[in-house]
Asks: 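One structure, pasted below without further comment.
None of the values given here were measured: they were computed from a predicted structure.
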Number of protein chains: 2
Amino acid sequence: MYMKHKRIPDETIRRLPLYLRGLVFLLQEGHLSVSSEKFGDYVGVNSSQIRKDFSYFGEFGVRGVGYDIRKLAIEIKGILKLNEIHKAALIGAGNLGSAIISYPGLQLYGFDITAVFDNNTHKIGKKIRDIEILDVAKLGILKKKNIQIGIITVPRNAAQETADALVKAGVTGILNFSPCYIIVPKNVKVITIDIAGYLARMPYYITAG
Amino acid sequence: MYMKHKRIPDETIRRLPLYLRGLVFLLQEGHLSVSSEKFGDYVGVNSSQIRKDFSYFGEFGVRGVGYDIRKLAIEIKGILKLNEIHKAALIGAGNLGSAIISYPGLQLYGFDITAVFDNNTHKIGKKIRDIEILDVAKLGILKKKNIQIGIITVPRNAAQETADALVKAGVTGILNFSPCYIIVPKNVKVITIDIAGYLARMPYYITAG
DNA sequence: AATTACTTGTGCTTGCGTTCACATGCACAA
DNA sequence: TTGTGCATGTGAACGCAAGCACAAGTAATT
């Protein structure tokens with residue numbers, strides 16, 4: 001097949017995990033192919049949008065028929081670089097940190113949290129889900145373990161120093177759950193998830209007037 | 001002062017909680033006024049963007065000086081309807097649910113989770129943070145309690161039915177942490193946060209080639 | 001009063017993302 | 001082989017958002 005080389009827009013990349021998830025579950029439900037219309041209803045995206053998104057990385061559909069779910073899933077995995085297991089470290093073994101370690105959804109994309117850190121001496125040495133909590137001072141071992149992804153679930157005032165330490169330990173991707181902006185070198189990618197911020201918009205949307 | 005009445009773009013609304021948070025913390029640090037440049041650096045947004053965003057709801061700045069932090073915070077609170085405490089219910093007292101109940105960031109915006117539900121008989125009757133876990137079958141009491149916001153932290157396969165029950169109980173805003181698309185009547189607002197989905201984009205950004 | 005230094009508010013340009021609408025192409029049946 | 005039905009792929013139009021660049025306005029100083 002002739003491979004197109006269009007740039008994939010950022011917004012499309014943002015939707016790819018959503019698509020991949022949908023495809024995986026459709027497969028589990030026994031489907032082998034799906035139309036953009038049906039799939040759109042399934043994941044909550046306009047069908048035109050879906051066709052355009054898919055078209056950025058080739059012609060995977062068959063006119064009159066639909067898309068081969070398996071082929072599509074493999075392709076999206078390839079684009080997102082999810083073909084191999086990705087190890088991640090989590091810093092901050094509090095409530096949110098514990099919840100994320102136990103979060104079942106991470107498996108689907110091939111993530112494995114293999115290291116957990118905290119600065120609380122009462123927590124260090126204990127285990128969460130069979131993973132020993134290490135002293136945050138020992139973050140340096142991430143380099144040896146070749147872990148490139150860090151998840152920050154520490155209190156707001158410790159977020160920046162934690163990020164600095166992660167960068168120093170060779171991490172190039174940070175998922176930040178602390179409600180603050182953190183500064184990193186240009187070669188490091190930060191995605192901040194401000195949970196409370198999402199909730200904060202709710203009254204605006206649901207209040208009349 | 002003459003009040004402009006421009007439509008506030010959705011993307012601006014999305015940033016308002018971020019701004020409000022920044023302003024609150026600047027106040028705590030003792031600042032009374034701030035320039036768009038400084039504030040931009042503080043929250044990680046371009047200064048033009050900040051000026052434009054603020055301009056949608058009036059002229060709050062003073063040329064040559066900057067913005068009055070207190071006035072601005074009050075205004076943003078007003079727009080987001082965060083002037084009064086908002087009660088919310090949480091369904092699904094698992095790891096993630098527990099973490100969110102204990103999440104300190106919700107206070108800042110004036111949210112209070114006053115009801116928790118689960119369908120697990122082992123959990124019903126127990127308490128999380130002084131809040132008794134109720135049987136999800138009793139969701140109807142939300143109407144009496146006048147709770148309009150629901151937070152879904154149940155497993156994927158129970159998300160849609162939970163949403164249906166919430167809608168039936170009079171909820172008009174749903175914050176959905178289950179990794180799936182849920183269907184609700186048009187008058188109900190859903191915001192879905194797919195935690196794993198954010199992480200799934202990371203390898204794409206950080207992997208060379 | 002005039003000068004300087006500074007910062008806002010905004011018109012305009014540019015770029016990006018979404019959606020429409022239809023030509024294109026495939027599969028199947030007669 | 002022809003016709004029918006269906007669903008993709010995409011050019012084009014539209015709409016929204018971001019960022020530039022500068023006029024307008026304020027404060028402080030001389």
Asks: Separation of A:Phe60 atom CZ from D:dT8 atom C1', in whole Å?
Replies: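 Atom-to-atom, A:Phe60 to D:dT8, this comes out as 14 Å.
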Asks: Taking atom P of C:dT8 as reference, at what distance in whole Å does atom CZ of B:Phe39 sit?
Replies: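 About 12 Å, once rounded to whole Å.
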Asks: Which residue lies toward the 5' end of DNA chain C, A:Val62 or A:Asn46, if each is placed at its nearest nucleotide?
Replies: A:Asn46
Asks: Check the distance between C:dG17's P and A:Ile50's CD1 and give it to me in whole angstrom.
Replies: 17 Å
Asks: Taking the side chain of B:Glu11 as its heavy atoms from C-beta onward, which of D:dG9, D:dA24, D:dA18 lies nearest to it?
Replies: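 Per side-chain heavy atoms of B:Glu11, the pick is D:dA18.
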Asks: Does D:dT8 have OP1 or OP2 under 4.0 Å away from a side-chain N or O of A:Ser36?
Replies: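 A:Ser36 to D:dT8 OP1/OP2: side-chain N or O found under 4.0 Å.
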Asks: Verify the neighbour count for atom CZ of B:Arg70: are there more than 12 heavy atoms of other residues, nucleotides or ligands below 6.0 Å?
Replies: no
Asks: Return the value, rounded to whole Å, for the distance between atom CD of A:Glu37 and atom P of C:dC20.
Replies: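 Nearest whole value for this atom pair: 11 Å.
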Asks: Taking only nitrogen or oxygen atoms into account, show me every contact under 3.5 Å that the protein makes with nucleotides 28-30 of chain D, one pair per line with its distance.
Replies:
none

Asks: When you compare the side chain of A:Tyr103 with that of A:Ile113, does any pair of heavy atoms fall below 4.5 Å?
Replies: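 In short, these two side chains do not touch, never coming nearer than 4.5 Å.
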Asks: Using a heavy-atom cut-off of 4.0 Å across all strands, would you classify B:Tyr67 as base, sugar-phosphate, or nothing?
Replies: sugar-phosphate
Asks: Rounded to whole angstrom units, what separation is found between the CG atom of B:Asp41 and the P atom of C:dT7?
Replies: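 Between P of C:dT7 and CG of B:Asp41: 12 Å.
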Asks: Roughly how many Å is it from CZ in A:Phe54 to C1' in C:dT19, rounded to a whole number?
Replies: 17 Å
Asks: Which nucleotide, D:dA23, D:dC20, C:dG17, lies nearest any side-chain atom of B:Ser48?
Replies: D:dC20
Asks: May I ask you to verify if any side-chain N or O of A:Arg7 is less than 4.0 angstrom from the OP1 or OP2 atom of C:dG17?
Replies: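 Answer is yes, contact under 4.0 Å.
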Asks: Name the closest nucleotide to the A:Tyr56 side chain, picking from D:dA23, D:dT10, C:dT18.
Replies: C:dT18
Asks: What is the separation between atom CZ on B:Arg14 and atom P on C:dG17, rounded to the nearest whole Å?
Replies: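 Rounded to whole Å, this separation is 13 Å.
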Asks: For this output row, return yes or no: ring centroids of A:Phe39 and A:Tyr67 closer than 6.0 angstrom.
Replies: no
Asks: Can you find a pair of side-chain heavy atoms, one from B:Phe25 and one from B:Val43, that are under 4.5 Å apart?
Replies: no
Asks: If you assign each of A:Gly64 and A:Gln49 to its closest nucleotide in DNA chain C, which residue comes earlier from the 5' end?
Replies: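 Closest to the 5' end, via its nearest nucleotide, is A:Gln49.
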Asks: Using a heavy-atom cut-off of under 4.0 Å over every strand shown, decide if A:Arg15 touches base, sugar-phosphate, or nothing.
Replies: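 Result for A:Arg15 = sugar-phosphate.
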Asks: State, with a plain yes or no, whether a side-chain heavy atom of B:Ile133 is found less than 4.5 Å away from one of B:Val116.
Replies: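 Side chain of B:Ile133 against side chain of B:Val116, heavy atoms only: contact under 4.5 Å found.
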Asks: Using only modelled atom types and a 3.5 angstrom limit, is any donor from either the side chain of B:Arg63 or the base of C:dT7 paired with an acceptor on the other?
Replies: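 No, the side chain and the base share no sub-3.5 Å donor-acceptor pair.
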Asks: With a sphere of 6.0 Å drawn around CD of A:Glu37, does it hold more than 12 non-hydrogen atoms of other residues, nucleotides or ligands?
Replies: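 No, CD of A:Glu37 has 12 or fewer neighbouring heavy atoms, counting only those of other groups under 6.0 Å.
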Asks: With a sphere of 6.0 Å drawn around NZ of A:Lys87, does it hold more than 12 non-hydrogen atoms of other residues, nucleotides or ligands?
Replies: yes
Asks: Taking for each residue the nucleotide of DNA chain D bearing the nearest heavy atom, is the 5' side occupied by A:Lys52 or by A:Gly66?
Replies: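 Per heavy-atom nearest nucleotide, the more 5' residue is A:Gly66.
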Asks: Rounded to whole angstrom units, what separation is found between the CZ atom of A:Phe57 and the P atom of D:dG9?
Replies: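 Computing the A:Phe57:CZ to D:dG9:P distance gives 10 Å.
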Asks: Among the nucleotides C:dG17, C:dG9, D:dG9, which one has an atom lying closest to any side-chain atom of B:Glu59?
Replies: C:dG9
Asks: Would you classify B:Ser47 as touching base, sugar-phosphate or nothing, given that sugar-phosphate means primed atoms plus P, OP1 and OP2, and contacts are heavy atoms under 4.0 Å?
Replies: nothing
Asks: Report the nucleotide, chosen from C:dA21, C:dG17, C:dT8, that has the shortest atom-to-atom distance to any side-chain atom of A:Arg51.
Replies: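 Among C:dA21, C:dG17, C:dT8, the one nearest the side chain of A:Arg51 is C:dA21.
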Asks: Counting C-beta onward and ignoring hydrogens, is there a side-chain heavy-atom pair between B:Val136 and B:Leu139 closer than 4.5 Å?
Replies: yes
